[in-house]
*Asks:* 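First the structure, then my questions, so here it is.
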Amino acid sequence: MSDPVPGSNADRSLVGSARRITKLAWPVLVGQLSVVAFGTIDTLLVARFSSLDLAALAVGAAIYMTVFIGFMGVVLAIGPIVGQLFGARQYAQAGRQVHQALWIALAMGCIGSTLLLLPQPFLAIAQVTPEVGAKLQGYLTALAFSLPAALLFTVYRGFNTAVSRPKAVMVLQLCGLALKVPLSVALVWGVPGFGVPSLGVVGCGIATCIAMWAQLIAAVVVLRRDAFYDRFELWGRGLDAPDRPALRTQLRLGLPIGATILIEVTGFTFMAIFIARLGAVPVAGHQIAANLVALLFMMPLALANATSTLVAQRIGAQDPRDARRLGWHGLLIGCAVAAVMGGTVFLARVSVVALYTADAAVAAVALSLVAWLALFHLADAAQAIAGFVLRAYRITVITLVVYVGALWGVGLFGGYVLAFDTLGISPPGLTGARGFWVAATAGLVIAALILCVYMVRMLKRQRVTAMSPRAD
């Protein structure tokens with residue numbers, strides 16, 4: 001069997017690293033864009049359906065992402081673990097890690113679905129109106145049934161990315177989107193001739209649930225029929241029983257990752273929950289800006305995933321010099337791309353917001369928030385790539401600590417103080433939704449600076465430690 005691990009004879013210049021990262025990143029990007037398109041399509045449809053449904057979507061999406069992303073982070077511990085085993089050609093061991101990740105995903109799915117079915121604590125924080133609350137409850141109920149499928153598919157995604165097979169994930173994510181679009185249109189607006197009622201935001205949740213389970217079933221078929229996966233011995237012995245040492249290893253890495261992602265997401269999604277207190281128009285404008293930021297973030301996230309995967313593989317292949325080089329190059333490339341994308345969207349912000357809504361009040365709110373987009377996006381890209389590189393080295397606690405202080409302390413808490421003027425000192429231009437965005441941007445800048453400095457110092461320490469005849 002030929003060596004399937006990329007990188008052994010690769011061009012190791014910046015251009016060479018860009019080629020290697022791009023080869024892995026573009027399918028990840030397309031797949032991630034298809035996932036974000038779920039929310040984008042829902043936002044576009046519901047924004048034209050009613051402002052109450054859009055407000056329910058904004059809060060509901062924030063609650064769902066808080067639950068899903070946190071648990072997803074725990075499951076994604078499979079990435080660096082399998083990446084290093086794949087780089088070392090320990091294929092059967094990598095397959096066993098998949099089985100243990102499935103148990104973790106099932107457990108996380110049960111807990112997460114319960115939280116979505118009983119969302120009263122979230123609703124109390126949001127303080128939504130009864131009309132919005134009723135729509136929100138139905139939306140979250142539908143998503144509760146989709147969550148287990150989403151987390152199980154995360155195992156498939158993390159595993160395939162770790163073994164340099166992101167196209168296998170991309171194809172299924174695009175198929176899920178192709179199913180989601182007509183379902184959402186039909187269920188949001190209804191199809192009277194076929195007896196399909198108009199469900200508004202609840203229809204979005206039902207469409208997502210159907211698409212996610214179909215996507216998971218397709219993933220199982222791919223794993224069983226594609227000969228590439230035979231080396232991992234995924235099926236010959238059935239599903240392995242829970243293995244305490246393996247589960248402990250994944251949870252030791254995954255829990256800090258999950259907590260880190262949860263803090264990152266809640267630092268942003270709780271903005272929507274708090275902004276909901278200001279009324280339907282501010283939270284609707286925030287939803288547009290938030291969706292736009294999420295779309296832009298897919299590029300640095302794809303580059304971060306690709307960089308982290310390649311770094312982990314080179315660590316497993318006992319090539320520390322190339323691992324360090326890829327980590328540094330990935331950060332440079334990601335920041336350059338983010339600067340260009342953020343600046344372009346900022347310059348075209350009026351036209352971009354007009355694509356989302358014709359409501360002048362909602363558009364005015366969105367434009368005031370998008371004004372911070374370029375700096376927000378650049379800092380977001382830098383901290384994400386640095387954090388993913390550290391994750392490839394199984395360094396996770398520092399990112400968690402930084403996020404608590406920067407994203408929760410400065411971003412969320414500082415935003416609350418500014419937005420609601422709790423101290424009576426907020427400038428008029430920094431109250432309301434804009435206060436949250438200013439504080440969130442400041443928090444991301446602080447996180448990016450700390451993590452980038454830490455990553456660079458860590459790579460230098462790795463170079464000194466690896467100084468030996470074998471390092472070359």
Side-chain angles (χ1 to χ4, degrees), residues 5-8 10-33 73 76-87 157-167 169-170 253 257 260-261 264 296-317 319-341 377-396 398-399 447-448 451-460 462-463:
V5 181
S8 55
D11 178 1
R12 307 201 174 186
S13 64
L14 177 60
V15 174
S17 294
R19 291 196 187 99
R20 295 162 67 187
I21 292 171
T22 302
K23 182 179 179 180
L24 190 58
W26 77 260
V28 175
L29 173 62
V30 173
Q32 288 172 168
L33 285 173
L76 282 178
I78 190 176
I81 292 173
V82 168
Q84 291 187 13
L85 290 171
F86 183 67
R157 176 165 69 90
F159 169 62
N160 273 281
T161 301
V163 299
S164 296
R165 297 269 291 185
K167 291 180 183 178
V169 183
M170 177 191 72
L253 181 62
I257 293 175
T260 299
I261 297 176
E264 181 181 17
L296 286 175
F297 184 61
M298 291 304 100
M299 175 62 81
L301 184 59
L303 293 171
N305 269 289
T307 301
S308 179
T309 296
L310 292 172
V311 170
Q313 289 177 355
R314 300 321 298 161
I315 292 171
D319 191 353
R321 174 176 289 186
D322 196 31
R324 294 192 302 272
R325 182 184 295 109
L326 282 163
W328 175 242
H329 286 172
L331 180 62
L332 292 177
I333 294 166
C335 288
V337 172
V340 172
M341 291 181 63
H377 180 56
L378 178 59
D380 209 9
Q383 63 84 21
I385 295 172
F388 268 74
V389 171
L390 293 173
R391 188 185 302 178
Y393 284 92
R394 303 196 184 187
I395 299 172
T396 57
I398 179 63
T399 309
L451 290 178
C452 288
V453 169
Y454 187 91
M455 187 199 89
V456 171
R457 290 183 175 179
M458 183 276 296
L459 293 179
K460 288 182 178 179
Q462 291 284 335
R463 183 179 60 190

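For reference, positions follow the sequence shown, starting with 1.
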*Asks:* To check you understand the geometry: which heavy-atom pair defines the closest contact between A25 and A302, and what is its length?
*Replies:* O-CB, 3.6 Å
*Asks:* Assess the residue pair D319 and R321 against the criterion (side chain to side chain contact (heavy atoms under 4.5 Å, CB included)); give the C-alpha distance rounded to whole Å, side-chain angles, the decisive distance to 0.1 Å, and a yes or no.
*Replies:* CA-CA 6 Å; D319 191 353; R321 174 176 289 186; 4.3 Å; yes
*Asks:* Do L331 and V389 pass the side chain to side chain contact (heavy atoms under 4.5 Å, CB included) test, and can you show the C-alpha distance, the side-chain angles, and the key distance before you say yes or no?
*Replies:* CA-CA 9 Å; L331 180 62; V389 171; over 6 Å; no
*Asks:* Please tell me if the side chains of R324 and Y393 come closer than 4.5 Å, counting only heavy atoms from C-beta onward.
*Replies:* yes
*Asks:* For residues M455 and L459, determine if any side-chain heavy atom of one lies less than 4.5 Å from a side-chain heavy atom of the other.
*Replies:* yes
*Asks:* Let me confirm one number: the CG-CD1 distance from L310 to I315, rounded to the nearest 0.5 Å.
*Replies:* 11.0 Å
*Asks:* Is a side-chain donor or acceptor of Q84 paired with a backbone partner of A392 at a separation under 3.5 angstrom?
*Replies:* yes
*Asks:* Of V456, L14, I333, which meets side-chain contact (heavy atoms from CB on, under 4.5 Å) against W328?
*Replies:* V456
*Asks:* With side chain to side chain contact (heavy atoms under 4.5 Å, CB included) as the criterion, how do E264 and D380 come out once you've worked through the C-alpha distance, each side chain's angles and the decisive distance to 0.1 Å?
*Replies:* CA-CA 10 Å; E264 181 181 17; D380 209 9; 3.8 Å; yes
*Asks:* Measure the spacing between OG1 of T309 and CG of N160 and express it to the nearest 0.5 Å.
*Replies:* 11.0 Å
*Asks:* Less than 4.5 Å apart, side chain to side chain, heavy atoms only: is that true for T260 and R391?
*Replies:* no
*Asks:* Could you state the interatomic distance from CG (L390) to CD1 (I385), rounded to the nearest 0.5 Å?
*Replies:* 12.0 Å
*Asks:* List the atom of T22, the atom of P27, and the distance in Å for their closest heavy-atom pair.
*Replies:* O-CD, 4.5 Å
*Asks:* Out of curiosity, L76 CG to I81 CD1, how far, rounded to the nearest 0.5 Å?
*Replies:* 11.0 Å
*Asks:* So which atom in M299 and which in L29 form the shortest heavy-atom distance, rounded to 0.1 Å?
*Replies:* CE-CD2, 3.4 Å
*Asks:* Does any part of the side chain of R20, heavy atoms only, come nearer than 4.5 Å to the side chain of D322, both counted from C-beta?
*Replies:* yes
*Asks:* In a check of side-chain contact (heavy atoms from CB on, under 4.5 Å) between F388 and each of T307, L301, T399, V311, which one passes?
*Replies:* L301
*Asks:* A side-chain contact here means heavy atoms from C-beta on lying under 4.5 Å apart; do F297 and Q32 qualify?
*Replies:* no
*Asks:* Indicate the atoms forming the closest heavy-atom contact of L253 with R394, along with that distance.
*Replies:* CD1-CA, 4.0 Å
*Asks:* Do you know the tightest heavy-atom contact between S164 and Q313?
*Replies:* OG-NE2, 2.9 Å
*Asks:* Would you mind reporting whether T161 and V82 have side-chain heavy atoms less than 4.5 Å apart?
*Replies:* no
*Asks:* To check you understand the geometry: which heavy-atom pair defines the closest contact between F86 and A162, and what is its length?
*Replies:* CD2-O, 4.0 Å
